[in-house]
Amino acid sequence: MNFREEVRAWLEANLTGEFAGARGLGGPGREHEGHELRVAWERRLGAAGWTCLGWPEEYGGRDASLSDQVAFHEEYARANAPARVGHIGEGLIGPTILEYGTEEQKRRFLPPIRSGEELWCQGYSEPEAGSDLAGVQTRAVLQGGEWVVTGQKVWTSLAHVADWCFVLARTEPGSERHRGLSYLLVPMRQPGVEVRPIMQLTGTGEFNEVFFDGARTAAANVLGASGEGWRVAMATLGYERGASTLGQQIGFRRELQTVIDTARRTGAADDPVLRDRLVRAWLELEIMRFNALRTMTSLSAGEPGPEVSIAKLYWSEWHRRLGELAQAAQGREGLVARGEPYDLNDLQRLYLFSRADTIYAGSSEIQRNIIAERTLGLPKG
Ligand SMILES: Cc1cc2nc3c(=O)[nH]c(=O)nc-3n(C[C@H](O)[C@H](O)[C@H](O)COP(=O)(O)OP(=O)(O)OC[C@H]3O[C@@H](n4cnc5c(N)ncnc54)[C@H](O)[C@@H]3O)c2cc1C
């Protein structure tokens, strides 16, 4: 049995019993769905060695090649397995700890990410620091062998279920911009941390305001050198979307098919203009796939290049347009919620949540700036 067949067989055998109903649950705009069940699923995956495939074996991974990781994500999406609750741990902080962590930090933090025992959230954005992340004002001081953290983060996805947060904080008083920041690992379940959910357009609340008021973490829980957090923070951003991209596109294909089926059912597909938009969406998804393969090639050759920004810009703009198409395909049905208080169907949720795609993980404007300045060499401003 080759690797892909092994993945497929395992998923088929395990998405049964209590997990049979977990198929399709979760994901952007739907993180509230079956959370406890998905945590149990994460642990089942971890116990069987199907998390963190690319990590080195000595930290519990499989040292899997990029193509095996892609095969895993594709099969995972094809099986319509539940959206992962541990993706911030596996995809963002895990690789950062592997790159910048001390041996003690690796031994402490990686195993519970791999096993699904500890969930993470990302504490970067603040009310006055989003695209301009160097404006971070949350501060931390060393007191009695601990960092004491004070400040506010915002838009913190999944903070309400997270055990730990990686926090970008100013640790050198009077420092400005990129200097004097540190990358701290802060436990969430303590008196100095308050999490307030923010209601989204979809009627659900999966991101939050997080208030640190004298929150504490051990002096050793700084990743990279103290005051050098900017470099570490940028490394984390570089990990957003790697091998999982091709799996994501299988989800997109499923959504597009639902939009097409809906347009046929409602008669919206009789409109030649709408049909043209559907064909265009299909073609662009094919282009996305070829571009993703190109990105994979450059990732396997080493450092991610500008392809990562191009890919983010392309998929997020495409997905937002798909949300608009989903509404057009539904016609009048799309304008009314199914029930009280705010019971959306999948296409309405797709439309509303995909508005966020061009904002998080670097907005479209920021991606265009990166492409312009770093790839095309255009002057700043
Ligand atoms: C669903 C979702 C989940 C998120 N999850 C997290 C999370 O888990 N952790 C976290 O830390 N953050 C998270 N964020 C926050 C996200 O990273 C920020 O929203 C994003 O970086 C933009 O910052 P901002 O909202 O402060 O907008 P601003 O930076 O204030 O930008 C406002 C507008 O101005 C534009 N703009 C800003 N600067 C420039 C420029 N130099 N050139 C051209 N245009 C510019 C932007 O593109 C945008 O359209 C999440 C956001 C969303 C929507």
Side-chain angles (χ1 to χ4, degrees), residues 22 24-42 82-93 113 116-131 133 136-138 149-169 184-217 236 240 316 319-320 323 337-346 348-363:
L25 294 185
R30 300 170 46 182
E31 291 291 357
H32 59 290
E33 293 175 348
H35 179 74
E36 293 305 319
L37 185 61
R38 290 192 295 129
V39 170
W41 170 249
E42 184 81 12
R84 298 279 306 279
V85 292
H87 62 283
I88 298 177
E90 172 168 337
L92 295 182
I93 187 66
I113 293 175
E117 298 294 323
E118 286 182 352
L119 304 180
W120 283 77
C121 63
Q122 175 178 25
Y124 279 20
S125 305
E126 299 183 0
E128 300 302 326
S131 305
L133 188 57
V136 157
Q137 292 173 13
T138 293
V149 187
T150 307
Q152 186 198 341
K153 297 290 174 180
V154 70
W155 318 124
T156 320
S157 298
L158 303 177
H160 55 297
V161 291
D163 303 289
W164 285 85
C165 184
F166 47 101
V167 175
L168 192 61
L184 303 179
L185 311 178
V186 181
M188 290 294 283
R189 301 182 199 280
Q190 57 165 313
V193 178
E194 189 191 340
V195 177
R196 294 188 202 156
I198 302 172
M199 190 67 87
Q200 300 164 174
L201 275 177
T202 43
T204 54
E206 54 205 48
F207 55 22
N208 305 269
E209 292 178 295
V210 178
F211 296 87
F212 296 102
D213 185 9
R216 291 173 177 268
T217 193
T236 304
E240 280 196 81
S316 59
H319 201 229
R320 204 175 62 172
R338 272 190 310 206
E340 293 284 348
Y342 203 58
D343 183 12
L344 302 175
N345 67 33
D346 285 351
Q348 289 165 331
R349 190 172 286 117
L350 166 66
Y351 168 62
L352 291 176
F353 195 85
S354 58
R355 313 309 291 173
D357 290 338
T358 54
I359 301 173
Y360 66 80
S363 69

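Note that the coordinates shown come from a computational prediction; the quantities given were computed from them, not determined experimentally. Values below: all heavy atoms of this structure, side chains included; hydrogens, waters and symmetry mates excluded.
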Hey, does Thr138 have a side-chain heavy atom less than 4.5 Å from the side chain of Glu126? yes
For Val85 and Val161, run side-chain contact (heavy atoms from CB on, under 4.5 Å): C-alpha distance rounded to whole Å, both residues' side-chain angles, the deciding distance at 0.1 Å, then the answer. CA-CA 9 Å; Val85 292; Val161 291; over 6 Å; no
Any Leu185 side-chain heavy atom under 4.5 Å of Ile93 side chain: yes
Taking everything shown except Glu128 itself, do over 12 heavy atoms lie less than 6.0 Å from its CD? no
Does Glu206 offer a backbone N or O that forms a donor-acceptor pair with the side chain of Glu31 under 3.5 Å? no
Assess whether side-chain contact (heavy atoms from CB on, under 4.5 Å) is satisfied between His87 and Leu158, documenting all intermediate values. CA-CA 11 Å; His87 62 283; Leu158 303 177; 3.8 Å; yes
Just so I know, are the side chains of Met188 and Val210 near enough to count as touching, which here means a heavy-atom distance under 4.5 Å? yes
For the residue pair Trp120 and Asp163, establish whether any side-chain heavy-atom pair is separated by less than 4.5 Å. no
Go through the steps for Gln200 and Leu352 under the test side-chain contact (heavy atoms from CB on, under 4.5 Å), then give the verdict. CA-CA 9 Å; Gln200 300 164 174; Leu352 291 176; over 6 Å; no
Is there a side-chain contact between Arg320 and Asp357, using heavy atoms and a 4.5 Å cut-off? no
Do the rings of Tyr124 and Phe166 sit parallel, tilted or perpendicular, given the 30° and 60° boundaries? perpendicular
Side-chain touch Thr217/Trp164, heavy atoms, less than 4.5 angstrom: yes
Does Arg30 make a cation-pi contact with Phe353 (under 6.0 Å, within 45 degrees of the axis)? no
Should Asn208 and Lys153 be marked as a side-chain contact (heavy atoms from CB on, under 4.5 Å) after you check the CA-CA gap, both sets of side-chain angles, and the distance that decides it? CA-CA 8 Å; Asn208 305 269; Lys153 297 290 174 180; over 6 Å; no
Hey, does Val149 have a side-chain heavy atom less than 4.5 Å from the side chain of Leu184? yes
